[in-house]
Amino acid sequence: SFLSKGQEVRKGPPRVMAPARAVQKRDGKSVVFTVQGGIARQLPVEVGPAEGDRIPVLKGLSGGEDLVVEGLAEIADGTRVRVKQPEKHS
């Protein structure tokens with residue numbers, strides 16, 4: 001891989017990145033909603049500064065989780081949800 005002048009090299013473990021819109025503030029804490037068996041589960045997370053439309057999750061996720069990104073105003077822990085598959089573009 002090549003770096004342009006001014007780019008920084010990140011060392012350490014790979015980072016978990018989440019869509020910024022998936023991270024919500026609830027009671028002053030950052031949370032995300034994962035989907036487990038069709039049920040939304042609220043998880044507390046620790047996040048870093050947003051990088052465009054993505055945000056690094058420093059604690060709380062291991063990567064690969066399905067996150068709720070739509071309808072978050074109506075979601076609470078235990079809400080039944082339907083997973084929508086991403087649209088494929090050709």
Side-chain angles (χ1 to χ4, degrees):
S1 98
F2 296 93
L3 297 175
S4 300
K5 185 176 181 181
Q7 284 184 306
E8 65 179 85
V9 177
R10 298 191 190 275
K11 295 190 187 264
R15 298 184 310 156
V16 174
M17 298 295 288
R21 65 186 183 172
V23 180
Q24 301 288 296
K25 284 283 191 187
R26 300 268 171 116
D27 298 321
K29 297 181 175 120
S30 294
V31 300
V32 296
F33 286 90
T34 62
V35 179
Q36 299 171 5
I39 304 293
R41 294 292 174 205
Q42 181 176 305
L43 292 178
V45 291
E46 183 179 314
V47 297
E51 298 175 18
D53 64 349
R54 315 282 293 163
I55 192 162
V57 178
L58 309 174
K59 291 184 182 174
L61 295 177
S62 58
E65 292 94 340
D66 289 324
L67 300 178
V68 176
V69 294
E70 293 181 5
L72 287 160
E74 298 86 35
I75 295 283
D77 192 54
T79 302
R80 183 163 296 284
V81 295
R82 181 174 46 90
V83 176
K84 186 165 113 178
Q85 296 302 317
E87 293 178 16
K88 293 185 179 181
H89 300 283
S90 40

Check: side-chain contact (heavy atoms from CB on, under 4.5 Å) between R54 and R15: does it pass, once the steps are laid out?
Finding: CA-CA 11 Å; R54 315 282 293 163; R15 298 184 310 156; over 6 Å; no
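- The distance from atom CG of D53 to atom CE of M17, rounded to the nearest 0.5 Å, is 9.0 Å.
- Listed by chain and residue number, nothing satisfies the side-chain contact (heavy atoms from CB on, under 4.5 Å) test with P44 (two or more places apart in sequence, or in another chain).
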Enumerate, atom names and distances included, each donor-acceptor pair closer than 3.5 Å involving a side-chain atom of residues 29-42, sequence neighbours excluded.
| unit_1 | atom_1 | unit_2 | atom_2 | d |
| --- | --- | --- | --- | --- |
| S30 | OG | K25 | NZ | 3.4 |
| T34 | OG1 | Q36 | NE2 | 3.4 |

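- Residues E74 and T79 approach most closely at O-OG1, 4.4 Å, considering heavy atoms.
- Across V69 and P19, no two heavy atoms sit closer than the pair CG1-CG, 4.1 Å.
- Connection of L72 to L67 is not established within any shared hydrophobic cluster, with ILVMFWY side chains joined at heavy-atom distances below 4.5 Å, either directly or through further cluster members.
- The stretch residues 57-70 participates, sequence neighbours left out, in these side chain to side chain donor-acceptor pair (under 3.5 Å) pairs: S62-E65.
- Considering every non-hydrogen atom in both P49 and P56, the closest pair reads O-CD, 3.2 Å.
- Atoms CD1 and CZ, on I75 and R26 in that order, are 8.0 Å from each other to the nearest 0.5 Å.
- In the hydrophobic cluster analysis, where Ile, Leu, Val, Met, Phe, Trp and Tyr join through side-chain heavy atoms closer than 4.5 angstrom, V68 is grouped apart from L43.
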